[in-house]
Amino acid sequence: MSVLSDRDIAAALAAARVRVDPYDEADLQPSSIDLHLDRSFRVFRNNRYPYIDVRSPQPDLTELLTVADDEAFVLHPGEFVLGQTVEWVELPDDLVARLEGKSSLGRLGLLIHSTAGYVDPGWKGKLTLELSNVAKLPIALYFGMKIGQISFFEMSSPVDRPYGSAGLGSKYQGQSEPTASAYFQDFDGVRRGPAPPETPTR
């Protein structure tokens, strides 16, 4: 698996193998593209449920907020919210991508993902950001600021079932806003693992 250089990224964009929209050539880095923060955030309402139940849909667990162009979204110490990229990203069936934070923001205590840095081949949509503040002071975030960078990796061969294929159980294909967890769908009886063997009777 090899990392695409700036030359290869530009060629993939020109050939429409990869889509990043909107795209500005100034955002092309040696081996990645800078991505920007959108104005929508999904915040947790901790007073609505006694705990997070991963087996159950909890539609009111989060609430979608939107900030104006010059309005700050203040992320407090220890707070966790979902954001998203301005850019819509599409990948072919032979490339995967990694989303990473900007070093300068990391040095201020801002993390942009906890586990969701991997983007599958076949992905289409805006990227949800898992924003955390591990600093001791609040951090002001603004619409359009550079928030992360995406790099691309060429696979050994195209995948048989890209993300979003029927029967794959892809939950977030085509998302256009910060999307809450749909993990509860894994407990629908279809995606669950096999039942334990029965205990033999005497």
Do the side chains of E90 and R17 get close enough for a salt bridge, i.e. N-O under 4.0 angstrom?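 A salt bridge is absent here (no side-chain N lies under 4.0 Å from a carboxylate O).
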With a 3.5 Å cut-off and no angle check, do the side chains of [X] and [Y] form a donor-acceptor pair?
X   : Y    : value
R98 : S151 : no
D34 : Q29  : yes
S40 : Q84  : no

Given side chains that start at C-beta, do those of [X] and [Y] come closer than 4.5 Å, heavy atoms only?
X    : Y    : value
K146 : L37  : no
F184 : R55  : no
I139 : L141 : yes
W123 : P92  : no
E100 : H113 : yes
D38  : T85  : no
V96  : V119 : no
P121 : L91  : no

Before giving the answer on side chain to side chain contact (heavy atoms under 4.5 Å, CB included), spell out for L75 and V81 the whole-Å C-alpha distance, their side-chain angles and the decisive distance to 0.1 Å. CA-CA 8 Å; L75 188 64; V81 304; 3.8 Å; yes
Are [X] and [Y] grouped together when hydrophobic residues (ILVMFWY) are joined by side-chain heavy atoms under 4.5 angstrom apart?
X    : Y   : answer
V54  : Y49 : no
Y172 : V86 : no
L111 : L82 : no
Y23  : L35 : yes
W88  : V18 : no

In terms of heavy-atom contacts, does [atom1] of [X] have more than 12 from other residues, nucleotides or ligands at under 6.0 Å?
X    : atom1 : result
K102 : NZ    : yes
D70  : CG    : no
D69  : CG    : yes

Just do the side chain to side chain contact (heavy atoms under 4.5 Å, CB included) check on I52 and Q58 with the steps written out, would you? CA-CA 8 Å; I52 296 174; Q58 295 177 307; 4.0 Å; yes
Please report the shortest heavy-atom distance between [X] and [Y], naming the atom on each side.
X    : Y    : result
P77  : A135 : CB-O, 3.3 Å
P158 : D94  : CA-CB, 3.9 Å
L4   : A12  : CD2-CB, 4.5 Å

Distance, nearest 0.5 Å, that separates [atom1] of [X] from [atom2] of [Y]:
X    : Y    : atom1 : atom2 : answer
D27  : I150 : CG    : CD1   : 12.5 Å
I33  : D6   : CD1   : CG    : 10.5 Å
R19  : K124 : CZ    : NZ    : 9.0 Å
L131 : I147 : CG    : CD1   : 5.5 Å
N46  : T62  : CG    : OG1   : 11.0 Å
S181 : R42  : OG    : CZ    : 11.5 Å

Contact list for residues 50-81, test ring pair (Phe, Tyr, Trp, His ring centres under 6.0 Å), sequence neighbours left out: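 Those involving residues 50-81 are F41-F73, F44-F80.
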With side chain to side chain contact (heavy atoms under 4.5 Å, CB included) as the criterion, how do E177 and L64 come out once you've worked through the C-alpha distance, each side chain's angles and the decisive distance to 0.1 Å? CA-CA 9 Å; E177 65 179 32; L64 191 65; 3.6 Å; yes
Would you please test L105 and M145 for side chain to side chain contact (heavy atoms under 4.5 Å, CB included) and show each step? CA-CA 11 Å; L105 295 176; M145 64 182 282; 3.9 Å; yes
Does the ring of F143 carry R39 above it, NZ/CZ under 6.0 angstrom from centre and within 45° of its axis?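 Positive - R39 is close enough to the ring of F143 and near enough to its axis.
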Test side chain to side chain donor-acceptor pair (under 3.5 Å) on S132 and E79; report intermediate values, then the result. CA-CA 6 Å; S132 298; E79 192 173 10; over 6 Å; no
So does P162 get a backbone contact from the side chain of S165, meaning a donor-acceptor N/O pair under 3.5 Å?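 Side chain of S165 to backbone of P162, a donor-acceptor pair under 3.5 Å: yes, one is there.
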Checking Q173 now: which residues fulfil side-chain hydrogen bond (donor to acceptor under 3.5 Å, both in side chains) with it, not counting sequence neighbours?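 Q173 satisfies side-chain hydrogen bond (donor to acceptor under 3.5 Å, both in side chains) with no other residue.
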